[in-house]
Amino acid sequence: MTIYAICGASGQLGHLVLDALLRKVPAANVVALARDPAKLADYAAKGVEVRAADYDAPETLAPALAGVDRLLLISGSAIGQRPRQHQAVIDAAKQAGVGYMAYTSILHADRSPIKLGEEHRQTEAALAASGLSYDVLRNGWYNENYTFSLPAQIEAGVITGAQGDGRINSASRKDLAEGAAAVLLDGKGGDIYELAGDKGWTLAEFAKELSRQSGKPVTYVNMGEEEYAQSLIAAGFPEYAARVIANSAYSTSLGALEETGGTLGKLIGRPTTPIAETIAEALR
Ligand SMILES: NC(=O)c1ccc[n+]([C@@H]2O[C@H](COP(=O)([O-])OP(=O)(O)OC[C@H]3O[C@@H](n4cnc5c(N)ncnc54)[C@H](OP(=O)(O)O)[C@@H]3O)[C@@H](O)[C@H]2O)c1
């Protein structure tokens with residue numbers, strides 16, 4: 001019996017990967033790892049074994065991975081800490097005799113101008129040095145990254161950013177979760193998957209679609225990276241977060257989120273979720 005485990009199972013992507021996995025294999029084959037197991041009580045009730053594992057407490061990791069055959073490491077959320085945290089998981093996987101790993105990286109990690117890419121490059125290098133069998137899931141941005149403040153954007157009639165005319169091949173979190181589950185189940189090792197939405201869009205097109213769906217005029221206003229960062233700080237974002245967001249936005253104008261290979265759709269066996277559908281969902 002193959003045992004599949006997910007690190008980061010308590011997060012938004014993790015929940016959706018668990019759901020996708022449980023549609024394919026019995027709960028008895030699934031181990032969910034979280035620093036706070038209480039967050040996964042509903043999955044424990046379904047028969048999933050929930051184990052405590054904290055990336056910042058390396059001693060918890062190898063015991064939590066005992067008996068695991070195939071592991072999905074969902075990248076952590078503590079920016080600046082992740083290479084060390086992910087290295088701890090990789091070391092523990094080796095110690096526990098895990099046979100295969102998949103890791104959620106960033107789209108085009110090898111050449112992404114997005115500064116966040118550096119932490120993913122370091123983790124990909126750690127995997128390569130580990131001797132483990134592994135695949136890399138280079139995830140593009142979630143549709144949902146763009147839809148959490150629609151009411152405010154409709155009210156203002158303006159969307160600001162630094163994305164320029166950069167095309168964004170985003171996909172829904174659920175699409176990417178299904179892709180991750182598919183690779184966790186069947187990945188052979190040695191592959192890099194560039195995972196993104198089928199159809200790219202620009203922020204000007206996004207504003208047009210939001211206008212259409214809301215019935216209110218919304219336009220896109222482009223800024224430089226620094227100007228956009230300052231506007232986010234003025235709106236109350238901590239400076240570090242503002243700079244990360246502005247850098248990702250400006251990098252988008254350079255093509256960082258454009259990917260037309262269609263790999264995700266092939267992996268999940270259906271078209272990826274159009275941004276218009278995620279906008280409609282968010283407006284409901
Ligand atoms: N592609 C994109 O658009 C995009 C956007 C945002 C983030 N990301 C990346 O993709 C990952 C998954 O996305 P998401 O939406 O699921 O993010 P999320 O909801 O913030 O989930 C992050 C997960 O990491 C776990 N985690 C953080 N620190 C940990 C630690 N020290 N030990 C154990 N677990 C820890 C969290 O556990 P808790 O539940 O205990 O907090 C949570 O399960 C993110 O962590 C980030 O690396 C991608």
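Whatever order the structure lists ligands and atoms in, that order sets their numbers, starting from 1.
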Closest non-hydrogen atom pair, E144 against R173:
OE1-N, 3.0 Å
Selection residues 27-38 - residue pairs positive for side chain to side chain donor-acceptor pair (under 3.5 Å), sequence neighbours left out:
none
Kindly write out the residues that satisfy side chain to side chain donor-acceptor pair (under 3.5 Å) with T273, not counting sequence neighbours, or none if the list is empty.
S172, D175
If every non-hydrogen atom of A180 is compared with every non-hydrogen atom of V17, which pair is closest and at what distance?
CB-CG2, 4.1 Å
Write down the atom of R82, the atom of I79, and the distance for their closest heavy-atom approach.
NH2-CG1, 3.9 Å
Among residues two or more places apart or on two chains, list those pairs meeting salt bridge (Lys or Arg N to Asp or Glu O under 4.0 Å) that have a residue in residues 220-233.
E226-R243
For ligand 1, list the protein residues that place a heavy atom within a distance below 4.0 Å of one of its atoms, sorted by chain and number.
G8, S10, G11, Q12, L13, R35, K39, A53, D54, Y55, D56, I74, S75, G76, S77, R82, Q85, G140, W141, Y142, N145, R173
